[in-house]
Amino acid sequence: MLDNNSYSAHRLAELVSDTTDLASIDAFVEKVFDTCHRADELLRSYYSNPDAVDVSQKADDSPVTAADHASHECWVEALAALTPSIPVLSEESTAAELEQRRQWQRLWVLDPLDGTKEFIARTGEFTINLALVDEERPVLGLISVPMQRLWYLGIPGVGAWRFRSAEGLRNPTTLKLTDFGSNSGVTLLASARHHPGRVSLMMTQLEPLGTPVSRENAGSALKFCRMLDGDGDVYPRTSPCYEWDVAAGDALVSAAGGAVTTYAGEPLRYNCRDTLLVDDFIAVADPTVDYLSVLADEHGNRLVSPKSGE
Ligand SMILES: Nc1ncnc2c1ncn2[C@@H]1O[C@H](COP(=O)(O)O)[C@@H](OP(=O)(O)O)[C@H]1O
Ligand SMILES: [Mg+2]
(Lines give C-alpha, C1' and ligand atoms only; values in the text may rest on other atoms or scores of the structure.)
(Ligands and ions follow the chains in the order given, each with its own letter.)
Protein backbone atom coordinates (compact mmCIF):
# COMPACT_ATOMS: atom_id res chain seq x y z
CA MET A 1 0.00 0.00 0.00
CA LEU A 2 2.56 2.57 1.10
CA ASP A 3 5.57 3.81 -0.76
CA ASN A 4 8.09 2.50 1.71
CA ASN A 5 10.91 4.23 -0.14
CA SER A 6 9.87 7.83 0.43
CA TYR A 7 11.77 9.94 2.96
CA SER A 8 8.71 10.24 5.22
CA ALA A 9 8.14 6.48 5.19
CA HIS A 10 11.78 5.92 6.18
CA ARG A 11 11.43 8.47 8.96
CA LEU A 12 8.26 6.79 10.22
CA ALA A 13 9.99 3.41 10.12
CA GLU A 14 12.78 4.87 12.25
CA LEU A 15 10.32 6.30 14.74
CA VAL A 16 8.63 2.97 15.35
CA SER A 17 11.84 0.96 15.08
CA ASP A 18 11.50 -0.51 18.55
CA THR A 19 8.64 -2.49 17.08
CA THR A 20 9.74 -6.08 16.69
CA ASP A 21 9.03 -8.48 13.84
CA LEU A 22 7.63 -5.84 11.51
CA ALA A 23 9.06 -5.88 8.02
CA SER A 24 7.42 -2.70 6.71
CA ILE A 25 5.23 0.24 7.52
CA ASP A 26 2.32 -1.78 6.09
CA ALA A 27 2.94 -4.45 8.72
CA PHE A 28 3.03 -1.75 11.38
CA VAL A 29 -0.23 -0.22 10.13
CA GLU A 30 -1.80 -3.68 10.10
CA LYS A 31 -1.03 -4.04 13.82
CA VAL A 32 -2.57 -0.63 14.50
CA PHE A 33 -5.65 -1.69 12.53
CA ASP A 34 -5.96 -4.88 14.64
CA THR A 35 -6.36 -2.66 17.68
CA CYS A 36 -8.73 -0.39 15.83
CA HIS A 37 -10.96 -3.39 15.14
CA ARG A 38 -11.08 -4.25 18.82
CA ALA A 39 -11.67 -0.67 20.02
CA ASP A 40 -14.39 -0.13 17.36
CA GLU A 41 -16.14 -3.32 18.52
CA LEU A 42 -15.97 -2.18 22.15
CA LEU A 43 -17.49 1.22 21.31
CA ARG A 44 -20.21 -0.36 19.17
CA SER A 45 -21.10 -2.80 21.93
CA TYR A 46 -21.50 0.02 24.48
CA TYR A 47 -23.42 2.07 21.91
CA SER A 48 -25.91 -0.75 21.39
CA ASN A 49 -26.31 -1.25 25.13
CA PRO A 50 -27.00 2.25 26.56
CA ASP A 51 -27.59 0.85 30.09
CA ALA A 52 -23.88 -0.05 30.30
CA VAL A 53 -22.67 3.40 29.21
CA ASP A 54 -22.51 4.80 32.77
CA VAL A 55 -22.07 8.58 32.26
CA SER A 56 -20.16 10.74 34.76
CA GLN A 57 -18.79 14.30 34.70
CA LYS A 58 -15.07 15.12 34.59
CA ALA A 59 -13.39 17.98 36.46
CA ASP A 60 -13.85 20.26 33.41
CA ASP A 61 -17.56 19.37 33.45
CA SER A 62 -17.39 17.36 30.23
CA PRO A 63 -18.99 13.91 30.23
CA VAL A 64 -17.07 10.63 30.25
CA THR A 65 -18.46 7.11 29.98
CA ALA A 66 -17.45 3.50 30.52
CA ALA A 67 -16.97 3.36 26.73
CA ASP A 68 -14.30 6.12 26.81
CA HIS A 69 -12.43 4.18 29.52
CA ALA A 70 -12.75 0.78 27.79
CA SER A 71 -11.38 2.16 24.50
CA HIS A 72 -8.57 3.95 26.37
CA GLU A 73 -7.53 0.71 28.13
CA CYS A 74 -7.63 -1.23 24.86
CA TRP A 75 -5.38 1.27 23.05
CA VAL A 76 -2.94 1.89 25.90
CA GLU A 77 -2.30 -1.85 26.31
CA ALA A 78 -1.90 -2.41 22.55
CA LEU A 79 0.38 0.58 21.97
CA ALA A 80 2.57 -0.39 24.92
CA ALA A 81 3.10 -3.78 23.25
CA LEU A 82 3.57 -2.35 19.74
CA THR A 83 5.86 0.60 20.53
CA PRO A 84 7.10 0.13 24.11
CA SER A 85 9.28 3.23 24.10
CA ILE A 86 6.59 5.63 22.87
CA PRO A 87 4.40 7.01 25.68
CA VAL A 88 0.69 7.68 25.26
CA LEU A 89 -1.02 10.99 25.93
CA SER A 90 -4.72 10.16 26.03
CA GLU A 91 -7.74 12.26 26.91
CA GLU A 92 -8.33 9.69 29.64
CA SER A 93 -4.74 9.55 30.97
CA THR A 94 -4.38 10.57 34.62
CA ALA A 95 -2.47 13.71 35.63
CA ALA A 96 0.20 11.47 37.20
CA GLU A 97 0.67 9.57 33.91
CA LEU A 98 1.21 12.86 32.10
CA GLU A 99 3.50 14.50 34.66
CA GLN A 100 6.62 14.02 32.51
CA ARG A 101 4.94 14.63 29.17
CA ARG A 102 6.86 17.81 28.31
CA GLN A 103 10.00 15.67 28.14
CA TRP A 104 8.48 13.37 25.55
CA GLN A 105 9.83 14.14 22.10
CA ARG A 106 7.81 11.36 20.48
CA LEU A 107 4.38 10.29 21.70
CA TRP A 108 1.01 8.88 20.74
CA VAL A 109 -1.83 11.39 21.12
CA LEU A 110 -5.11 9.52 21.61
CA ASP A 111 -8.76 10.40 21.95
CA PRO A 112 -10.28 6.98 22.63
CA LEU A 113 -13.80 8.39 22.11
CA ASP A 114 -14.11 11.80 20.45
CA GLY A 115 -17.69 13.02 20.53
CA THR A 116 -18.74 11.64 23.90
CA LYS A 117 -21.76 13.97 23.92
CA GLU A 118 -22.76 12.63 20.50
CA PHE A 119 -22.25 9.06 21.73
CA ILE A 120 -24.56 9.72 24.69
CA ALA A 121 -27.10 11.53 22.47
CA ARG A 122 -26.93 8.54 20.09
CA THR A 123 -26.23 10.55 16.91
CA GLY A 124 -23.52 8.08 15.86
CA GLU A 125 -21.14 11.02 15.25
CA PHE A 126 -18.18 9.79 17.26
CA THR A 127 -14.66 8.76 16.33
CA ILE A 128 -11.39 7.40 17.68
CA ASN A 129 -8.46 9.75 17.00
CA LEU A 130 -4.85 8.58 17.16
CA ALA A 131 -1.76 10.53 16.10
CA LEU A 132 1.94 9.83 16.34
CA VAL A 133 3.68 13.11 17.21
CA ASP A 134 7.41 13.67 16.75
CA GLU A 135 9.09 16.94 17.69
CA GLU A 136 5.76 18.71 18.13
CA ARG A 137 4.30 17.70 14.74
CA PRO A 138 2.03 14.77 13.80
CA VAL A 139 3.74 12.22 11.52
CA LEU A 140 0.80 9.79 11.34
CA GLY A 141 -2.92 10.28 11.90
CA LEU A 142 -5.71 7.74 12.16
CA ILE A 143 -9.41 8.51 12.58
CA SER A 144 -11.79 5.60 12.99
CA VAL A 145 -15.52 6.07 12.45
CA PRO A 146 -16.94 2.97 14.16
CA MET A 147 -20.58 3.42 13.08
CA GLN A 148 -19.58 3.81 9.41
CA ARG A 149 -16.92 1.10 9.68
CA LEU A 150 -14.38 3.40 8.05
CA TRP A 151 -10.78 4.20 8.91
CA TYR A 152 -8.89 7.25 7.64
CA LEU A 153 -5.10 7.04 7.71
CA GLY A 154 -2.70 9.84 6.80
CA ILE A 155 1.09 10.02 6.79
CA PRO A 156 2.26 13.52 5.80
CA GLY A 157 4.70 13.29 2.91
CA VAL A 158 3.51 9.77 2.04
CA GLY A 159 -0.26 9.87 1.50
CA ALA A 160 -3.77 9.52 2.92
CA TRP A 161 -6.28 6.71 2.50
CA ARG A 162 -9.76 5.63 3.55
CA PHE A 163 -10.25 1.96 4.39
CA ARG A 164 -13.38 -0.12 4.97
CA SER A 165 -12.66 -1.78 8.28
CA ALA A 166 -14.11 -5.08 7.02
CA GLU A 167 -11.38 -5.17 4.35
CA GLY A 168 -8.44 -4.08 6.51
CA LEU A 169 -5.51 -2.92 4.40
CA ARG A 170 -7.08 -4.18 1.16
CA ASN A 171 -8.64 -1.83 -1.42
CA PRO A 172 -7.99 1.57 0.16
CA THR A 173 -9.32 4.73 -1.46
CA THR A 174 -6.53 7.27 -1.94
CA LEU A 175 -7.52 10.67 -0.58
CA LYS A 176 -6.23 13.66 -2.55
CA LEU A 177 -8.01 16.90 -1.81
CA THR A 178 -6.88 18.42 -5.12
CA ASP A 179 -8.87 15.75 -6.99
CA PHE A 180 -12.16 17.40 -6.00
CA GLY A 181 -11.50 20.51 -8.13
CA SER A 182 -13.22 23.74 -7.26
CA ASN A 183 -16.81 24.79 -7.56
CA SER A 184 -18.01 28.33 -7.07
CA GLY A 185 -19.38 27.89 -3.53
CA VAL A 186 -17.76 27.43 -0.13
CA THR A 187 -18.86 24.74 2.34
CA LEU A 188 -18.06 25.45 5.97
CA LEU A 189 -17.80 22.52 8.37
CA ALA A 190 -19.16 22.89 11.91
CA SER A 191 -20.83 20.81 14.63
CA ALA A 192 -24.61 20.92 14.94
CA ARG A 193 -23.94 22.08 18.52
CA HIS A 194 -21.79 25.02 17.44
CA HIS A 195 -23.36 28.41 18.10
CA PRO A 196 -25.60 29.39 15.15
CA GLY A 197 -24.77 33.11 15.51
CA ARG A 198 -21.03 32.43 15.33
CA VAL A 199 -21.31 30.11 12.38
CA SER A 200 -23.51 32.51 10.41
CA LEU A 201 -21.03 35.36 11.05
CA MET A 202 -18.27 33.24 9.53
CA MET A 203 -20.46 32.26 6.60
CA THR A 204 -20.98 35.97 5.83
CA GLN A 205 -17.22 36.58 6.08
CA LEU A 206 -16.58 33.79 3.57
CA GLU A 207 -18.85 35.26 0.88
CA PRO A 208 -16.08 37.21 -0.92
CA LEU A 209 -14.38 33.84 -1.60
CA GLY A 210 -17.36 32.28 -3.37
CA THR A 211 -21.11 31.93 -3.18
CA PRO A 212 -23.24 30.25 -2.13
CA VAL A 213 -21.66 29.66 1.29
CA SER A 214 -23.23 26.55 2.81
CA ARG A 215 -22.85 24.70 6.10
CA GLU A 216 -22.22 20.99 6.60
CA ASN A 217 -22.59 19.64 10.14
CA ALA A 218 -20.49 16.86 11.61
CA GLY A 219 -19.57 16.18 15.25
CA SER A 220 -16.04 15.90 16.60
CA ALA A 221 -13.24 14.81 14.21
CA LEU A 222 -15.82 13.81 11.60
CA LYS A 223 -15.40 17.35 10.26
CA PHE A 224 -11.91 16.34 9.08
CA CYS A 225 -13.36 13.16 7.53
CA ARG A 226 -16.03 15.14 5.67
CA MET A 227 -13.31 17.39 4.26
CA LEU A 228 -11.31 14.30 3.20
CA ASP A 229 -14.45 12.94 1.50
CA GLY A 230 -14.73 16.16 -0.54
CA ASP A 231 -17.81 17.41 1.35
CA GLY A 232 -16.32 20.53 2.96
CA ASP A 233 -13.90 23.31 2.07
CA VAL A 234 -13.06 24.95 5.38
CA TYR A 235 -13.29 24.08 9.08
CA PRO A 236 -12.54 27.16 11.16
CA ARG A 237 -12.54 26.21 14.84
CA THR A 238 -14.22 28.80 17.01
CA SER A 239 -14.61 26.96 20.32
CA PRO A 240 -11.87 25.47 22.49
CA CYS A 241 -10.71 21.92 21.99
CA TYR A 242 -7.77 19.72 22.93
CA GLU A 243 -4.73 18.38 21.12
CA TRP A 244 -6.28 14.88 20.96
CA ASP A 245 -9.25 16.34 19.08
CA VAL A 246 -7.02 17.73 16.32
CA ALA A 247 -3.62 16.02 15.90
CA ALA A 248 -4.89 13.07 13.83
CA GLY A 249 -7.04 15.29 11.61
CA ASP A 250 -4.10 17.65 11.15
CA ALA A 251 -1.92 14.76 9.91
CA LEU A 252 -4.67 13.49 7.62
CA VAL A 253 -5.61 16.80 6.02
CA SER A 254 -1.93 17.70 5.54
CA ALA A 255 -1.19 14.25 4.07
CA ALA A 256 -4.08 14.66 1.60
CA GLY A 257 -2.81 18.03 0.34
CA GLY A 258 -4.85 20.39 2.54
CA ALA A 259 -3.56 22.44 5.46
CA VAL A 260 -4.28 22.98 9.15
CA THR A 261 -2.82 26.18 10.57
CA THR A 262 -3.26 28.79 13.25
CA TYR A 263 -4.99 32.02 12.25
CA ALA A 264 -1.48 33.42 11.71
CA GLY A 265 -0.91 30.71 9.08
CA GLU A 266 1.55 28.71 11.23
CA PRO A 267 1.53 24.92 11.61
CA LEU A 268 0.02 23.64 14.87
CA ARG A 269 2.53 22.35 17.41
CA TYR A 270 1.72 19.65 19.96
CA ASN A 271 2.82 18.75 23.49
CA CYS A 272 4.88 21.92 23.87
CA ARG A 273 2.83 23.95 26.34
CA ASP A 274 1.52 23.53 29.87
CA THR A 275 -2.02 23.52 28.53
CA LEU A 276 -3.32 20.75 26.29
CA LEU A 277 -5.84 23.11 24.71
CA VAL A 278 -4.86 23.52 21.09
CA ASP A 279 -4.28 26.89 19.39
CA ASP A 280 -7.23 28.31 17.46
CA PHE A 281 -6.99 26.71 14.04
CA ILE A 282 -8.43 26.56 10.55
CA ALA A 283 -8.40 23.45 8.37
CA VAL A 284 -8.67 23.98 4.61
CA ALA A 285 -8.99 21.59 1.69
CA ASP A 286 -7.29 23.97 -0.76
CA PRO A 287 -4.31 25.88 0.70
CA THR A 288 -4.20 28.18 -2.36
CA VAL A 289 -7.45 29.87 -1.26
CA ASP A 290 -6.72 32.72 1.16
CA TYR A 291 -9.33 32.02 3.84
CA LEU A 292 -7.27 33.88 6.44
CA SER A 293 -7.71 37.14 4.49
CA VAL A 294 -11.40 37.10 5.49
CA LEU A 295 -11.34 35.13 8.77
CA ALA A 296 -8.30 36.70 10.54
CA ASP A 297 -6.96 40.19 11.21
CA GLU A 298 -3.49 41.40 10.27
CA HIS A 299 -2.13 40.18 13.64
CA GLY A 300 -3.22 36.60 12.98
CA ASN A 301 -6.23 36.71 15.35
CA ARG A 302 -9.52 35.19 14.27
CA LEU A 303 -12.26 37.75 13.68
CA VAL A 304 -14.99 35.56 15.18
CA SER A 305 -14.34 34.82 18.86
CA PRO A 306 -16.06 32.19 21.05
CA LYS A 307 -18.39 34.96 22.28
CA SER A 308 -19.23 36.44 18.86
CA GLY A 309 -22.80 36.21 17.62
CA GLU A 310 -24.34 35.42 21.05
N1 LIG B 1 -15.38 24.18 26.16
C2 LIG B 1 -14.55 23.26 25.69
N3 LIG B 1 -13.27 23.20 26.12
C4 LIG B 1 -12.41 22.28 25.60
N5 LIG B 1 -12.75 21.36 24.69
C6 LIG B 1 -14.00 21.35 24.25
C7 LIG B 1 -14.97 22.29 24.70
N8 LIG B 1 -16.13 22.02 24.06
C9 LIG B 1 -15.90 20.96 23.23
N10 LIG B 1 -14.61 20.56 23.36
C11 LIG B 1 -13.96 19.47 22.64
O12 LIG B 1 -14.60 19.31 21.40
C13 LIG B 1 -14.92 17.93 21.19
C14 LIG B 1 -16.24 17.87 20.45
O15 LIG B 1 -16.02 18.43 19.17
P16 LIG B 1 -17.10 19.32 18.42
O17 LIG B 1 -17.42 20.49 19.30
O18 LIG B 1 -16.37 19.74 17.19
O19 LIG B 1 -18.27 18.44 18.10
C20 LIG B 1 -14.95 17.29 22.56
O21 LIG B 1 -14.38 16.02 22.42
P22 LIG B 1 -14.69 14.75 23.44
O23 LIG B 1 -16.06 14.29 23.11
O24 LIG B 1 -13.65 13.74 23.11
O25 LIG B 1 -14.56 15.28 24.85
C26 LIG B 1 -14.08 18.19 23.42
O27 LIG B 1 -12.77 17.65 23.57
MG1 LIG C 1 -12.80 11.89 24.16
Side-chain angles (χ1 to χ4, degrees), residues 39-40 42-43 46-47 53-76 88-94 97-98 108-131 141-147 188-199 202 215-228 231-232 234-250 252-253 260 268 270 273-283 302 304-310:
D40 284 2
L42 272 172
L43 292 182
Y46 277 99
Y47 193 74
V53 166
D54 191 17
V55 184
S56 56
Q57 298 299 122
K58 291 202 279 197
D60 66 0
D61 223 24
S62 64
V64 64
T65 71
D68 298 64
H69 290 301
S71 173
H72 167 88
E73 293 301 331
C74 171
W75 278 104
V76 166
V88 180
L89 188 172
S90 161
E91 176 172 13
E92 309 312 334
S93 299
T94 63
E97 285 164 344
L98 299 183
W108 291 106
V109 176
L110 170 69
D111 190 340
L113 171 48
D114 183 21
T116 304
K117 282 184 188 161
E118 308 297 335
F119 187 90
I120 295 165
R122 305 190 53 72
T123 66
E125 293 183 10
F126 60 88
T127 62
I128 296 168
N129 309 337
L130 178 71
L142 169 73
I143 298 179
S144 168
V145 191
M147 299 311 286
L188 176 146
L189 292 155
S191 284
R193 296 171 192 277
H194 289 171
H195 196 282
R198 252 187 343 249
V199 175
M202 285 189 295
R215 171 179 180 165
E216 171 84 15
N217 285 329
S220 59
L222 278 171
K223 287 181 277 301
F224 294 111
C225 300
R226 290 294 79 81
M227 181 174 285
L228 293 157
D231 297 332
V234 56
Y235 166 26
R237 184 78 194 182
T238 55
S239 49
C241 63
Y242 292 100
E243 293 188 3
W244 46 74
D245 295 315
V246 182
D250 182 346
L252 267 155
V253 169
V260 181
L268 296 184
Y270 299 88
R273 288 170 296 256
D274 287 338
T275 179
L276 283 165
L277 287 168
V278 83
D279 282 336
D280 296 334
F281 70 87
I282 170 170
R302 62 185 170 180
V304 169
S305 77
K307 293 279 169 214
S308 302
E310 290 184 7

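Quick note: numbers below take in every heavy atom, side chains included, and nothing from hydrogens, waters or symmetry partners. First listed ligand is number 1; within each ligand, the first listed atom is number 1.
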Just to be sure I read this right, does ligand 1 sit under 4.0 Å from the backbone of Ser191, its side chain, both, or neither, counting only heavy atoms? side chain

Applying a heavy-atom cut-off of 4.0 Å, say which part of Asp245 lies close to ligand 1: side chain, backbone, both or neither.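 The answer is the side chain of Asp245.
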
Out of [options], whose heavy atom is nearest to [atom]?
{"atom": "atom 17 (O) of ligand 1", "options": "Glu125, His194, Arg193", "answer": "His194"}
{"atom": "atom 14 (C) of ligand 1", "options": "Asp111, Asp60, Asp114", "answer": "Asp114"}
{"atom": "atom 12 (O) of ligand 1", "options": "Lys58, Glu118, Arg237", "answer": "Arg237"}
{"atom": "atom 6 (C) of ligand 1", "options": "Pro63, Pro240, Ala190, Ala221", "answer": "Pro240"}

Minimum-distance pair of heavy atoms, taken over all atoms of Asp40 and Ser144: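 Heavy atoms only, the tightest pair is OD1-OG, 2.7 Å.
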
Give a yes/no answer: is there an N/O/S atom of Trp244 under 2.8 Å from the Mg ion (ligand 2)?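 Under 2.8 Å: Trp244 has no N, O or S contact with the Mg ion (ligand 2).
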
I'd like to know if Glu125 pairs up with Arg193 as an ion pair, taking the criterion as any Lys NZ or Arg NE/NH1/NH2 lying under 4.0 Å from an Asp or Glu carboxylate oxygen. no

State, with a plain yes or no, whether a side-chain heavy atom of [X] is found less than 4.5 Å away from one of [Y].
{"X": "Ser62", "Y": "Thr116", "answer": "no"}
{"X": "Trp244", "Y": "Asp114", "answer": "no"}
{"X": "Met202", "Y": "His194", "answer": "no"}
{"X": "Asp279", "Y": "Arg273", "answer": "yes"}
{"X": "Glu92", "Y": "Lys58", "answer": "yes"}
{"X": "Arg198", "Y": "Ser239", "answer": "yes"}
{"X": "Trp75", "Y": "Leu130", "answer": "yes"}

For [X], is the nearest heavy atom under 4.0 Å from an atom of ligand 1?
{"X": "Leu113", "answer": "yes"}
{"X": "Ser239", "answer": "no"}
{"X": "Ser62", "answer": "no"}

Please test Leu98 against Leu276 for side-chain contact (heavy atoms from CB on, under 4.5 Å), starting from the C-alpha separation and ending with a verdict. CA-CA 11 Å; Leu98 299 183; Leu276 283 165; 4.3 Å; yes

Sub-3.5 Å N/O-N/O distance, [X] and ligand 1:
{"X": "Ala218", "result": "no"}
{"X": "Gly115", "result": "yes"}
{"X": "Thr116", "result": "yes"}

Out of Tyr242, Tyr270, Tyr235, which residue meets the ring-ring contact (aromatic ring centres under 6.0 Å, His included) rule with Phe281?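 By the ring-ring contact (aromatic ring centres under 6.0 Å, His included) criterion, Phe281 pairs with just one of Tyr242, Tyr270, Tyr235: Tyr235.
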
Starting from the Mg ion (ligand 2), look over the N/O/S atoms of Asp111 and name the nearest one.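 That would be atom OD1.
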
In Glu91, which N, O or S atom comes closest to the Mg ion (ligand 2)? OE1

How far is atom 15 (O) of ligand 1 from the closest protein heavy atom, and which atom is that?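 Residue, atom and distance for the closest contact: Ser220 CA, 3.6 Å.
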
Give me the residue, atom name and distance of the protein heavy atom closest to atom 4 (C) of ligand 1. Tyr242 CE1, 3.4 Å

Under a 4.0 angstrom heavy-atom cut-off, which atoms of ligand 1 come close to Glu91? 22 (P), 24 (O), 25 (O)

At less than 4.0 angstrom from any non-hydrogen atom of Lys223, what atoms of ligand 1 do you find?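 Taking each heavy atom of Lys223 in turn, ligand 1 has 16 (P), 18 (O), 19 (O) under 4.0 Å.
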
Aromatic ring pairing Phe126/Tyr47, orientation class (parallel under 30°, perpendicular over 60°, tilted between):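 The rings of Phe126 and Tyr47 sit tilted, inter-plane angle from 30° to 60°.
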
